[in-house]
Amino acid sequence: MKILVAIAFILIFVSLGSALVYLMKDKGKSNRTVKALAFRVGFSISLFILILVANHFGLIQPTGIR
């Protein structure tokens with residue numbers, strides 16, 4: 001489970017970095033920045049759902065606040 005979460009975080013950061021590159025390179029003339037940010041949002045939502053499902057099935061355990 002830790003590996004899946006780490007991969008999801010890497011995908012989120014790569015998508016954010018590519019959006020920055022497209023923003024600087026295209027200067028707003030194409031939709032590549034918007035697509036990269038949309039993928040980032042999709043990856044973030046997928047990670048959130050993955051964590052909820054893993055918690056529901058007992059693959060991860062909440063530790064609580066001490």
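Only heavy atoms go into these numbers, but all of them, side chains included; no hydrogens, no water, no symmetry mates.
Within 6.0 Å of CD1 in I3 there are 12 or fewer heavy atoms belonging to other residues, nucleotides or ligands. The neighbour count for M24 CE, taken as heavy atoms of other residues, nucleotides or ligands under 6.0 Å away, does not exceed 12.
Atoms CD1 and CZ, on I12 and F39 in that order, are 13.5 Å from each other to the nearest 0.5 Å. Distance check: M1 CE to L59 CG gives 4.5 Å after rounding to the nearest 0.5 Å. Here the CG-CG distance, from L50 to N55, works out to 11.0 Å after rounding to the nearest 0.5 Å.
No continuous path of hydrophobic side-chain contacts links V5 to I10 [ILVMFWY only; heavy atoms under 4.5 Å]. F9 and I7 fall within a single hydrophobic cluster, where Ile, Leu, Val, Met, Phe, Trp and Tyr are joined by side-chain heavy atoms under 4.5 Å apart, directly or via other members. Following chains of ILVMFWY side-chain contacts shorter than 4.5 Å, one can reach I45 starting from V53, so the two form part of one hydrophobic cluster.
At least one donor-acceptor pair closer than 3.5 Å links the side chain of S18 to the backbone N or O of S15.
Contact detail for I51 and I60: the closest heavy-atom pair is O-CD1, 3.7 Å.
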Exercise for review: Could you please spell out the steps behind the side chain to side chain contact (heavy atoms under 4.5 Å, CB included) verdict for F43 and L47?
Suggested key: CA-CA 6 Å; F43 290 140; L47 176 62; over 6 Å; no
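For residues 30-52, the set of pairs meeting the side-chain hydrogen bond (donor to acceptor under 3.5 Å, both in side chains) definition, not counting sequence neighbours, comprises D26-S30, D26-R32.
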